[in-house]
Amino acid sequence: MKKKLIPVIAVLILIFLVLVGIIIGKKVKELMPSNEQQDLNEYFAVAAEDEAAIILNYDLAEEKALFKDGIIYLNFNYVHDKLNDRFYWDANENILLYTTSANVVKASADSKDYYIGRKKDTKTYKIVLVNVDQTYIALDYVAQYTNLTYEHFEEPNRVLLKTKWGTVKKSPVKRKTQLRVDKSVKSNILKDLTKDDVLTKLEAADEWTKVATEDGLVGFVQNKRLGTEIEEKQSHDFEEDAFLHQLRDYPINMGWHQVTVPEANQSIANVLQNSKGLNVISPTWFYLNDNDGNIANLASADYVKYCHNQGVEVWGLVSNLENKDVSTTEVLTHTSKRENLENQIIAAAIQYGLDGINVDFEALESAVGEGFIQFIRELSLKCDGNGIVLSVDNYVSSEYTKFYDRQEQSVFADYLVVMAYDEHYAGSKESGSVASIGFVTKGADDILAEGVPAEQVILGIPFYTRVWSEKLKGGNGDDVESASEDYVPFELSSEAVGMQSAQRLMEVNGAEKTWLEDIGQFYTEYVNGDTTYKIWFEDVRSVEEKLKVMTSHGFAGASFWKLGLEDPVVWDTILKYINRS
């Protein structure tokens with residue numbers, strides 16, 4: 001019996017040894033480093049000879065560069081979004097623009113020539129390539145105006161871009177090792193490293209460190225293969241453009257004077273006589289009048305002369321709202337039409353001896369945002385060259401007005417006026433204040449948060465209020481409309497009136513007003529027939545609350561819409577705060 005068991009035991013032992021061998025073999029295989037080299041074309045996702053990978057600050061971009069005739073070209077959108085948003089591409093006229101503090105630089109598609117102002121210069125390569133619906137800019141040209149460095153490497157084509165500077169951590173390789181795609185010895189090899197190769201350390205972990213090679217490869221190396229860490233300060237010798245502004249050395253006390261017909265200019269003496277301490281007046285003289293960039297002109301030399309004699313500067317307002325048949329988008333997105341508009345504005349300013357221009361372009365669509373900013377850039381250079389102050393009226397900050405790019409405006413324009421009113425307006429679905437103190441304060445906070453310097457901000461304050469009318473409808477709950485849950489039982493409308501008119505309406509109707517601390521205004525309501533009237537008053541006290549915001553935020557001053565709607569006593573309060581700021 002024992003003899004019969006011996007072969008069985010031997011077989012079992014053999015099977016056991018084989019299983020142990022298999023397990024050990026698998027374990028050894030698991031621990032053995034991979035020798036498989038990573039396909040770099042696949043790693044960089046470079047599929048064609050005219051493609052080049054982009055590594056920006058050691059991050060591999062999805063976007064690909066174009067490699068043509070030995071020159072690296074970057075897609076315009078990539079340049080604008082990632083490297084330098086001051087580049088402007090006019091797709092209508094195929095012109096690339098870049099605005100410095102002194103000149104507008106122009107380069108046409110497929111040309112080696114470019115113009116710095118009127119001065120012509122030439123590159124050895126085509127600056128801009130247009131390929132179907134894609135626009136590419138030569139990277140060398142981009143670097144001319146951008147704080148970046150780049151290196152081009154081949155096999156595969158890739159460009160290493162650097163835009164961030166400061167102290168980086170580096171380590172030499174202690175002995176021969178591998179740069180791997182991932183944190184594992186089983187991961188493919190990106191590059192075989194030799195002793196003393198120096199790596200830039202990006203992200204350290206317990207056993208592996210994410211590193212970058214000098215030729216743009218980013219992967220992982222075991223910590224035990226790295227030598228002593230050293231710190232290296234990196235910088236780039238690039239002179240940033242310096243922008244200067246024509247800021248007054250006194251607080252701005254500005255009023256908008258609405259002029260819709262030439263005859264209104266004759267009222268300037270009364271307008272100034274009814275105010276106190278105005279040092280700037282902005283008459284609504286100019287507006288965009290056709291799709292070629294021509295303007296309508298209501299200006300008066302006698303008006304300007306009278307204001308100057310009274311020590312008041314004149315900043316002529318330019319609007320885009322008067323002629324409803326004009327497309328602001330059409331004008332601002334065509335370089336030739338935009339320049340025509342700018343030239344007409346400057347010509348009028350020189351002709352009438354204006355001290356400044358006040359741009360009031362409202363109700364823009366987001367598609368024209370870049371064109372509007374380019375308009376401000378270009379107009380600012382023309383204004384600066386002629387000693388003309390440029391101010392730009394702006395809505396309070398919001399998600400849907402981000403494209404107004406107030407921070408970039410402030411780089412070029414001298415002043416930004418934040419129109420801290422129209423919180424509730426003619427088309428609002430509910431009644432409410434034109435400018436509650438919370439709305440004004442948030443508008444002041446937000447424009448600073450966007451990066452606009454306080455000394456360039458003028459706070460726009462309303463002299464008007466709205467009388468809201470809620471007229472009862474005839475529905476009694478039996479019809480489909482009045483039976484719905486969101487049914488509003490009245491028709492809402494409003495009328496803008498001046499301070500004294502609102503006060504008289506309250507008095508005539510025997511109503512009383514109550515101060516609302518959270519709103520920063522007096523409020524009243526009264527009923528007349530089937531209509532309820534509601535008023536959030538603008539008066540001396542509400543204006544004072546807003547002037548406190550101007551002062552606390554360190555703003556350059558205030559501007560008031562519009563002259564003639566104020567209670568005259570408000571000027572004493574305005575002077576108290578303007579003189580203190």
Side-chain angles (χ1 to χ4, degrees), residues 76 80 84-109 111 114-118 128 130 135 137 145 243 285-297 316-351 354 356-386 388 390-394 401 403-406 408-414 416:
F76 168 79
H80 182 274
N84 189 335
D85 62 5
R86 202 158 286 160
F87 280 101
Y88 176 80
W89 173 244
D90 179 347
N92 294 307
E93 299 182 5
N94 283 344
I95 300 173
L96 178 70
L97 302 170
Y98 189 81
T99 312
T100 70
S101 61
N103 292 291
V104 177
V105 185
K106 295 183 181 179
S108 296
S111 174
Y114 67 108
Y115 291 83
I116 304 173
R118 296 181 180 179
V128 185
V130 179
T135 302
I137 314 175
Y145 300 102
F243 291 84
W285 275 345
F286 311 107
Y287 59 86
L288 189 55
N289 204 32
D290 64 29
N291 287 339
D292 291 322
N294 295 308
I295 61 172
N297 184 341
L317 182 143
V318 184
S319 171
N320 68 324
L321 298 176
E322 280 69 21
N323 190 332
K324 303 303 180 185
D325 295 327
V326 175
S327 169
T328 308
T329 299
E330 173 75 12
V331 174
L332 296 188
T333 56
H334 287 76
T335 296
S336 58
K337 298 179 179 184
R338 190 176 61 248
E339 288 180 340
N340 182 45
L341 170 61
E342 296 156 7
N343 290 336
Q344 290 211 11
I345 292 170
I346 294 301
I350 294 171
Q351 178 183 351
L354 302 184
I357 290 294
N358 178 239
V359 173
D360 186 43
F361 275 31
E362 301 184 32
L364 297 180
E365 53 190 11
S366 59
V368 75
E370 293 289 338
F372 172 71
I373 294 300
Q374 187 60 24
F375 167 59
I376 298 302
R377 291 180 183 127
E378 293 168 358
L379 183 59
S380 76
L381 298 191
K382 295 177 186 293
C383 284
D384 186 60
N386 290 280
I388 299 166
L390 177 61
S391 61
V392 185
D393 300 338
N394 279 271
T401 62
F403 64 86
Y404 276 86
D405 198 350
R406 283 162 276 264
E408 180 71 357
Q409 284 186 47
S410 71
V411 173
F412 288 87
D414 299 304
L416 270 64

Euclidean distance, [Y] [atom2] relative to [X] [atom1], rounded to 0.5 Å:
X	Y	atom1	atom2	value
Leu288	Ile345	CG	CD1	8.5 Å
His334	Asn92	NE2	CG	3.5 Å
Asn94	Ser111	CG	OG	12.0 Å
Arg338	Glu330	CZ	CD	12.0 Å
Tyr98	Gln374	OH	CD	10.5 Å
Asn343	Leu379	CG	CG	9.5 Å

Least distance between heavy atoms, [X] atom then [Y] atom:
X	Y	result
Ala348	Phe286	CB-CE2, 3.8 Å
Thr333	Tyr88	CA-OH, 3.8 Å
Leu381	Ser101	CD2-O, 3.4 Å

With the side chain counted from C-beta on, respond yes when [X] and [Y] share a heavy-atom pair under 4.5 Å apart, and no when they do not.
X	Y	answer
Tyr404	Leu364	yes
Leu341	Leu332	yes
Val392	Ile376	yes
Val318	Asn358	no
Ile388	Lys382	no
Ile346	Cys383	yes
Val128	Phe76	no
Asn289	Ile295	no

*Evaluate the criterion side-chain hydrogen bond (donor to acceptor under 3.5 Å, both in side chains) for residue pair Ser319 and Glu322; output intermediate values, then yes/no.*
CA-CA 7 Å; Ser319 171; Glu322 280 69 21; 2.8 Å; yes

For the pair [X] (side chain) and [Y] (backbone), establish whether a donor and an acceptor sit closer than 3.5 Å, ignoring hydrogens and angles.
X	Y	answer
Ser380	Arg377	yes
Asp360	Asp393	no
Asp405	Gly369	no
Thr100	Asn103	yes
Asp290	Asp292	yes
Asn84	His80	no

*Check each of Glu378, Glu93, Glu339 against Lys106 using the salt bridge (Lys or Arg N to Asp or Glu O under 4.0 Å) test, and report the only one that passes.*
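Single pass found, and it is Glu339.
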
*Evaluate the ring pair (Phe, Tyr, Trp, His ring centres under 6.0 Å) criterion for residues Phe372 and Phe403: first the C-alpha distance (whole Å), next the side-chain angles of each, then the deciding distance (0.1 Å), finally the verdict.*
CA-CA 9 Å; Phe372 172 71; Phe403 64 86; 8.2 Å; no

*Short side-chain donor-acceptor distance under 3.5 Å, Ser327 and Asn291*: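 The answer is no; no qualifying pair exists.
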
*Test side-chain contact (heavy atoms from CB on, under 4.5 Å) on Tyr114 and Val105 and set out the steps.*
CA-CA 7 Å; Tyr114 67 108; Val105 185; 3.7 Å; yes

*Take Phe375 and Val359 through the side-chain contact (heavy atoms from CB on, under 4.5 Å) test and state the conclusion after the steps.*
CA-CA 10 Å; Phe375 167 59; Val359 173; 4.0 Å; yes

*Can you list the steps and then say if Val411 with Arg86 is a side-chain contact (heavy atoms from CB on, under 4.5 Å)?*
CA-CA 11 Å; Val411 173; Arg86 202 158 286 160; 3.8 Å; yes

_Full working for side-chain hydrogen bond (donor to acceptor under 3.5 Å, both in side chains) between Asn294 and Asn340_ = CA-CA 7 Å; Asn294 295 308; Asn340 182 45; 3.1 Å; yes

_Verdict with supporting geometry, Gln409 and Leu390, side-chain contact (heavy atoms from CB on, under 4.5 Å)_ = CA-CA 10 Å; Gln409 284 186 47; Leu390 177 61; over 6 Å; no

